[in-house]
Asker: 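One structure, pasted below without further comment.
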Amino acid sequence: MSFARAFRSEVRRIRRTPIDLALLTIVPAVLLGLMAAMISPGAFDSLRVVIVDRDGGPVARKMVRNVVALPRIEVMGVTPEIEDALSAIRREDAVAALVIPRGIGDGRPGRQPVEIFYEAQFLAAGSFASNSLQSAARDALAWGAAVEAPGGAEIRRVLPGVHVTLLGNPTLSVEWYLGLLLGPGILHLIIAITAIASVGTVIDKGSFATFARGTSAPGLDLAGRLLPHVLAGTLWGVLWFLWLTVVRGYWFEGSMLIVAMGLLMLFLATVGIGILLLALTKELATSLSGAVIITGSALAYSGASFPSDGASSFVRIWSTALPLTHYLRLQMDEVMGTALAPAMAEIAILLLYPLLTGGLAIWMIARSGRAQA
Amino acid sequence: MEILTARELASLAIISVIFYAFYYPAPYAHQVATDLSVVVVDQDQTEFSRRLVRDLNATQSVQVVGQVADMAHGREILRDGRAEGVLLISKGLSGAIWAGRGGEGIGLVVEGSYFVRAENVVGAVSAAVAAQAARFGERIGAANPVEQGRAAEVTVQPLFNGVAGYRDYVFPSIAVVILQQTLLFTAARLVAERRRRREPPGGISDALGAWIACILTGLLGQAFFFGFAYWLQDVPRSGNMIGLLLAMPIFSAAVAALGLLLGTLFRDGDDALKLLMPTSVPLVFLTGFAWPLNQMPGWLAALSWLSPATAGVHSIVRFNQMGASLPEAAAPLGVLIFLTILFLSGWLWRSQAASPSSVDMDDDGRAEPA
C-alpha cells in the first residue's frame, strides 16, 4: 500500500471508529478546554491568610493594615491563638499564618521574631502568600524602627532595590507558564495513544507478520497511517497557542512558526516512540501502558517545571532522551526570543526520534514478515 | 484472581504501581533548584560588588558562570542559552549606598517562562543584596535593626514539608492520582474485557465481589506507596495514621466503583484504556495541588470533585503529611463516601442492566462504546 493510500485508508478508519475519532477531536478539545478554564484567572487571587496578633500595639496594627492592603491576599481572620491559625491551614481554609509577637514595638532586645508559617504541602500558593506576608511584615518593622529610632530609617534607605526583568513572562503569569507546559504535555500523551491504537490494528495473533507480508513497503504504509495523527497533534497544538496568544494576549518574542515546526517534530517523535513500543511488545495494552509511563511523565522529566540540574545521572540522561524535553527547550527559547541556532539544534535533535525510533520499529516489523514468510 | 492471572491487568495493577513509586519522584528527588547559571555585568567594580558576586556564587541556587563587560553581551549569552540570568551591578552603586541613596542600582534579567528557576534566582540575588547592604549599613553607622532590637527579625517556617522541597510537594499529591489511575484502568479493563468475551453478568453478588477485589488491589498499592515507598524515600508521612487508615479503603472503594462503572461503558478493554489514559495529566492538575481549587472557576472546581483523586489528595495528604484531625479532613472524606455510594450504585445498576447480547461491532471488528 502506498503512502497516500495508507493515509486515506487511515482517515477512513478513524472516521469509522468512534473512540479513535473522539481521541483526535472531542478528547483534546475537552481536556485542553478544561485546562484553559483552570488557568484562566492568570494569577493567584484572594489567597486566605490568618493573622495571630499577640501584641495589638502600633507596629502590630501597621502590620495588620499592610497585610490587609496586600493585593491577592485575603485576611480570613485575626486571632490571638496560633492553634486556630494552624488548624485553618490544616483544613486548607488558609495558606499561611502571620504571628505577631507580644512586645513587637517596644524596642527591647531578645524578643520573639515575627513568624510566618506557610502551607508547603501545596507549595505554590503557600510560597506566594509567604513572600507577600514577608514584604508586609518587613515594611511594618522598618516603619516601626523609623518611628522609634532614627537609625532604622537609615538602614531602609541604603538597601538597594533589585529591578527584575522577566523575559518571556514579564508579569509572571501562571496562566502563560502552565499553558506553555500543559498543552504540549497533554497532546504528547494523546497522540502516543492514538498512534499505538492505529498501528495496533495491524497486529494479528501477536505478530506483525501478516501485515508485513501484505505490503511491499511497510515503512511507507506505516508512515501514511501515522500522518493523520501527527497532523492532528500539530493542529491542536497550534490551536492551543493561538488561544493563548490571540485570545488571551500572551506572545512569543520569537517565531510562532518555529514553534509550529517544533510541534510537528514533537508529534513525529511521539508516533516514532509509539510504534517502537508496539514493535517491541506486539501487544496493545502493554504498549499503551508504556506510552503513559514515557509520555505521561515526560513533563516531570523535561526540566521545564523543575530544573534537572542537580538531579541524578539517570534523571539527566533520561530527560535528554525524551523528545518533550527538546521540544520545550525550543518552545521556551521562542517564548523569550533567543537566537535561531539553539532552536535549530533542538529541531535537529527532534528529527532524530522518528528516524531512530521509527526506523528501528519499521525494521523490526518488516523483519517479522520475512522471519515467518 | 483474574487481575493476578491476566498479564495486562497484572501489569497495570501491580507492576505499574511498583514502577511509578520510584520513577515519578526521581526528577524531583533533589528537592531544590541548584546551580542555576548567571552571568554578571559588574560595572561598579568595587569591594561591594565583588563581595556581592562572591556571596551569590556561594549560594546553592546560583552559579556565576562568567562576567561580561556590558548588558548587550549579557543578553546575547542569554539569547544563546548559555546562561539563565544576567545580573547587572550598575556603576556607582556602592557610592550611592555610602551616600545613603540606595535606589535601584541592581538589574536582573531572567527567563520568566521557567517559573521555578526565575523564582530561585530572584530569591538568591535579593538575599545576597540584603546581606551585603546590611553589612554596608553597619559600616556607615546605620544601626542593624536586628542587633539593636529595634525591629524584630522575620522567620519563615514551611509547614508539613520542612525543606519546602519540590519532591515532597509534588509526589504525595501525584501519588494519589497514580494510585487512582492504575486502579481505574485495571477495574475498567476487567469489566470491559468480560463484556468483550460476552460473559453473562453474574448478579449483585458477583458485582460486589469484583468491587471488593478491586478495593483490595487498590489497598495493596496504597500500602506499598504510603508504607514502603514513602519510608524508603523519606517522604514526610504518618501525621495522623488513624485518619490515613480510615481514608485509604474509602478512597479505594470510590475509585474501584468508578472504574467498574466506567468499564460497563466499553466493550473492549483496549478501548477503555485508550479513552481513560489521556485523562491522567489533566486529572493531576484538577486535584488543585498546583493551582488551588478555590482559584479555579466554580463550575470547574465542582467538576473536579467528581474525580476521587481530588477528594483523595485533600484527605490522604491532609492526614498523612499535614497531620490533620478527623474533623479537619471531614469534608473531603465526606465527598469520598458520597462518590463511593454514587459510583457503587451506578456499577450495581449497570452490572444488572448490561447485556452482552447488544454488542455492536464496527467494520473493523472493533467494539463500539455503549
Side-chain angles (χ1 to χ4, degrees), chain A residues 16 18-19 31 34 37-38 41 90-91 107 109 113-117 120-125 137 141 145 149 151-152 154-155 157-169 177 185-186 189-190 193 197 284-285 288 292 296 300-301 306-307 309-311 315 332 335-336 338-339 342, chain B residues 8 26-27 30 33-35 79-81 97 100 102 104-109 111-113 115-117 122 126 133 137 142-143 145 149-161 164 166 169 270-271 273-274 277-278 280-282 289-290 292 295-297 300 321-322 324 328 363 368:
Chain A
R16 283 200 315 268
I19 287 197
L31 297 183
L34 289 175
M38 183 187 82
R90 285 196 295 267
R91 287 195 312 273
V114 173
E115 292 174 292
I116 294 166
F117 296 93
Q121 196 57 59
F122 301 105
L123 190 64
L141 291 172
E154 200 109 17
I155 194 79
R157 268 197 304 144
V158 300
L159 272 173
V162 180
H163 179 81
V164 179
T165 304
L166 296 161
L167 295 180
N169 189 1
Y177 161 67
I186 289 170
L189 174 57
I190 292 176
I193 287 168
L284 193 64
L288 289 173
V292 172
Y301 276 86
F306 183 65
D309 313 282
V315 170
M332 296 311 197
V335 168
M336 292 175 290
T338 52
Chain B
E8 299 84 10
H30 51 301
T34 56
D35 296 336
R79 271 171 52 84
D80 291 345
I97 294 171
E104 286 205 338
I106 295 173
L108 180 63
V109 182
E111 302 172 340
S113 43
F115 215 84
V116 176
R117 292 165 195 242
V122 172
S126 301
R150 291 198 178 98
E153 193 183 354
V154 178
T155 64
V156 180
Q157 179 64 48
L159 293 172
F160 323 122
N161 167 10
Y166 224 69
Y169 152 50
D270 291 339
D271 283 348
L273 294 184
K274 279 155 57 178
M277 281 175 166
S280 301
V281 176
F289 95 98
Q295 303 286 309
M296 295 179 196
L300 184 59
Q321 275 71 42
M322 299 164 69
E328 286 169 341
D363 296 348
E368 293 179 1

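Per chain, numbering begins at 1; letters A, B, ... match sequence-line order. Just so it is clear, the model here is predicted, and its values are computed rather than measured.
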Asker: Is it the side chain or the backbone of A/Met336 that comes within 4.5 Å of chain B heavy atoms, both, or neither?
Answerer: side chain
Asker: If you round to the nearest 0.5 Å, how far is NZ of B/Lys274 from CG of A/Leu284?
Answerer: 6.5 Å
Asker: Hey, which of A/Glu115, A/Gln121, A/Arg91 has the most heavy atom pairs under 4.5 Å with chain B?
Answerer: A/Gln121
Asker: For residues A/Leu34 and B/Pro282, determine if any side-chain heavy atom of one lies less than 4.5 Å from a side-chain heavy atom of the other.
Answerer: no
Asker: Just wondering, do B/Met322 and A/Phe122 contact through their side chains at under 4.5 Å, heavy atoms?
Answerer: yes
Asker: Taking side-chain hydrogen bond (donor to acceptor under 3.5 Å, both in side chains) as the definition, give me every residue that meets it alongside B/Gln295, ordered by chain and number, with sequence neighbours left out.
Answerer: none
Asker: Out of curiosity, A/Met38 CE to B/Met296 CE, how far, rounded to the nearest 0.5 Å?
Answerer: 5.5 Å
Asker: For A/Val335, is it the side chain, the backbone, both, or neither that has a heavy atom closer than 4.5 Å to a heavy atom of chain B?
Answerer: side chain
Asker: Before accepting this row, confirm whether a basic side-chain N of the pair B/Glu328/A/Arg90 lies closer than 4.0 Å to the acidic partner's carboxylate O.
Answerer: yes
Asker: Counting heavy-atom pairs under 4.5 Å with chain A, which one of B/Leu159, B/Leu300, B/Val109, B/Asn161 comes out on top?
Answerer: B/Leu159
Asker: Name the orientation class of the two ring planes belonging to B/His30 and A/Phe306 (parallel below 30°, tilted from 30 to 60°, perpendicular beyond 60°).
Answerer: tilted
Asker: Can you tell me which portion of B/Val122 sits under 4.5 Å from chain A's heavy atoms? Options are side chain, backbone, both or neither.
Answerer: side chain
Asker: Which region of B/Ala33, side chain (C-beta onward) or backbone (N, CA, C, O), has a non-hydrogen atom less than 4.5 Å from a non-hydrogen atom of chain A, or is it both or neither?
Answerer: both
Asker: Check whether any side-chain heavy atom of A/Ile193 lies under 4.5 Å from a side-chain heavy atom of B/Pro278, and answer yes or no.
Answerer: yes
Asker: Under a 4.5 Å cutoff for heavy-atom pairs, which residue among A/Gly185, A/Ala285, A/Ala124 has the most contacts with chain B?
Answerer: A/Ala285
Asker: Return the CD1 to OG distance between A/Ile186 and B/Ser280, rounded to the nearest 0.5 Å.
Answerer: 10.5 Å
Asker: Do B/Thr155 and A/Val114 have side chains that approach each other closer than 4.5 Å (heavy atoms only, starting at C-beta)?
Answerer: no
Asker: If I take atom CD1 from residue A/Ile19 and atom CG from residue B/Asp271, how far apart are they, to the nearest 0.5 angstrom?
Answerer: 3.5 Å
Asker: Run B/Gln157 and A/Ile116 through side chain to side chain contact (heavy atoms under 4.5 Å, CB included) and show every step you take.
Answerer: CA-CA 6 Å; B/Gln157 179 64 48; A/Ile116 294 166; over 6 Å; no
Asker: A side-chain contact here means heavy atoms from C-beta on lying under 4.5 Å apart; do A/Leu189 and B/Val281 qualify?
Answerer: yes
Asker: For B/Pro158, which residues count as a side-chain contact (heavy atoms from CB on, under 4.5 Å) partner, sequence neighbours excluded?
Answerer: A/Tyr118, A/Ala120, B/Ala164
Asker: Given heavy-atom pairs under 4.5 angstrom as the criterion, report whether the side chain, backbone, both or neither of A/Pro307 touches chain B.
Answerer: both
Asker: For A/Leu123, is it the side chain, the backbone, both, or neither that has a heavy atom closer than 4.5 Å to a heavy atom of chain B?
Answerer: both
